[in-house]
Amino acid sequence: MRSKAHLLIFVGIMAGALAGLILSKYEGSDAQGRVLYILDLFGKTIFIGALKMIVAPLIFFSIIAAITSLADTKELGRIGWKTLVFYLMTTSMAVGLGLLFVHLIKPGHSANRREIRKNWQQQQVRLHEKYGAAEAKIEEARDQSASAIIKRNLENIIINPFLALAQSHSLGIIFFAILLGVALIVIGPEGHKVLPVLHGLNTAILKITGWIMAGSAFFIFCLVASIVGSVGPGIFSMLFWYIVTVLGGIAVHVGVLLSIGFLLGRVNPFFFLKSIKEAWMIAFATRSTAVTLPVSMDSVQNRLKVSEKVTRFVLPLGATINMDGTALYEGVAVIFLIQLFGGMPGAEITLTPVATILIFLTAVLASIGAAAVPDAGLVTMVLVANAVGLSVEYIPLIFAVDAFLDMFRTSTNMMGDCVGAVVINRLEKFT
Ligand code: ASP
């Protein structure tokens with residue numbers, strides 16, 4: 001990516017935030033509706049649409065390219081296990097940090113607690129009118145249990161690969177690409193014939209990414225203006241301590257990730273941040289780790305100098321299953337709602353150590369099950385709520401700030417994947 005690109009993107013984010021603030025002053029007007037429509041047309045339909053267009057083939061060809069460049073299947077097993085263990089550990093740390101913060105700060109015991117509880121019926125009606133679409137997604141997930149999520153994930157893994165590609169089921173794409181990659185190595189000379197074609201296709205897809213990114217600053221302006229313009233700053237005061245808790249936890253976790261990258265991956269934290277800054281901003285604005293994948297792969301391979309095979313294997317896998325920011329957020333959100341509504345119908349829960357452990361485990365699982373797309377964490381959070389018996393009726397309270405928090409959790413998710421790549425690269429002694 002060009003050297004000045006990050007500056008342009010930064011200007012796009014700032015200008016977008018400013019334009020959004022101005023737009024939010026016209027809440028509910030026709031003019032606001034029309035401007036939001038145009039912003040979404042450029043930001044979501046064209047930009048995110050174009051990135052989505054290439055993500056499924058990119059994951060597919062990247063994984064095959066990575067597998068077929070490994071020495072043997074033993075190397076695949078080794079890298080695979082290290083990656084899974086690393087991701088599981090960092091996700092668990094993230095949830096642990098979130099739970100610590102929410103217990104220390106107690107955002108649910110804020111000064112306006114009584115008022116929120118008293119007016120909850122009216123609030124619910126208002127939230128229903130405003131966030132009906134988000135509520136519908138939550139409703140769909142209402143009866144999900146941990147075993148249902150495992151079953152659904154298995155169904156998405158063992159699936160017709162064309163369907164997986166068409167519907168962007170990353171787990172299914174990764175699984176079939178690994179199988180095909182291994183088979184190509186195992187069959188020998190016949191398999192070797194197609195390798196240059198696959199590697200060529202992979203490079204061509206990265207080229208298309210470059211073309212799409214050429215206009216990224218403008219598109220990001222549209223995305224940020226649309227989010228800020230439709231939310232507005234008003235709601236932030238009501239949920240202030242909740243936001244502080246999530247962002248505080250995320251900030252500390254970013255420090256943990258940078259330390260891990262330094263200690264285990266031997267990468268200077270400043271150099272690391274400098275290398276991934278474009279990817280960070282794209283993740284922040286698009287709220288999708290999957291859509292950011294082409295950019296994060298470019299940064300990790302070309303700037304952090306992680307080997308091609310580790311980049312191509314570890315990052316797509318990370319974007320699919322490793323979500324530190326999401327896991328942290330899910331634990332915090334559920335405990336916040338219990339602190340706030342505890343004792344009301346559907347929230348008769350005492351935060352015992354057992355309940356906290358349940359929240360810890362399900363938050364890890366729910367983050368693994370979350371798709372790398374905007375708002376996914378909000379939906380899989382239902383699983384965490386279900387595990388401790390919190391009614392989903394209380395979740396709409398946090399809808400209004402979810403897009404804002406999604407920006408931070410998505411960029412943290414992406415950062416966790418990149419640290420994973422750096423560490424695995426080092427452990428495999430590729431640098
Ligand atoms: N948007 C996040 C991601 O793509 C997932 C989430 O909603 O937490 O990583």
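Whatever order the structure lists them in is the order used to number ligands and atoms, beginning at 1. Numbering starts at 1 and runs along the sequence shown.
Two residues are said to be in side-chain contact when any heavy atoms from C-beta on lie closer than 4.5 Å; Ile282 and Ser216 meet this criterion. Side-chain atoms of Ile67 and Phe313, non-hydrogen and from C-beta on, do get closer than 4.5 Å to each other.
Looking at Leu378 next to ligand 1, no N or O pair under 3.5 Å apart turns up. At under 3.5 Å, a nitrogen or oxygen of Gly377, whether backbone or side chain, sits near a nitrogen or oxygen of ligand 1. For Met323, no nitrogen or oxygen atom sits less than 3.5 Å from a nitrogen or oxygen atom of ligand 1, counting backbone and side chain alike. At a 3.5 angstrom cut-off on N or O pairs, Ala290 does not count as close to ligand 1.
The part of Asp375 lying near ligand 1 is the backbone, judged by heavy-atom distances below 4.0 Å. Contacts between Thr289 and ligand 1, counted as non-hydrogen atom pairs separated by less than 4.0 Å, involve both the backbone and the side chain. Under 4.0 angstrom from ligand 1, the non-hydrogen atoms of Arg287 all belong to its backbone.
Within ligand 1, counting atoms from 1 as listed, the ones closer than 4.0 Å to a heavy atom of Thr326 are 5 (C), 6 (C), 8 (O). Below 4.0 Å from some heavy atom of Asp406 lie the following atoms of ligand 1, by number and element: 1 (N), 2 (C), 6 (C), 7 (O), 8 (O). Applying the 4.0 Å criterion to heavy atoms of Ser288 picks out, from ligand 1, the atoms 4 (O).
Checked against the 6.0 Å centroid threshold, Phe408 and Phe284 count as a close aromatic pair. In this structure, the ring of Trp120 has its center less than 6.0 angstrom from the ring center of Phe341.
Here the rule is side-chain hydrogen bond (donor to acceptor under 3.5 Å, both in side chains) with Asp417, and of Thr412, Thr289, Asn322 only Asn322 fits it.
Proximity of a side-chain donor or acceptor of Thr410 to a complementary backbone N or O of Met407 within less than 3.5 Å is not detected. One N or O on the side chain of Thr203 and one on the backbone of His199 form a donor-acceptor pair closer than 3.5 Å. Looking at Thr45, its side chain never comes within 3.5 Å of a backbone N or O of Phe42 through a donor-acceptor pair.
In terms of protein heavy atoms, atom 2 (C) of ligand 1 is closest to Thr410 OG1, 3.2 Å.
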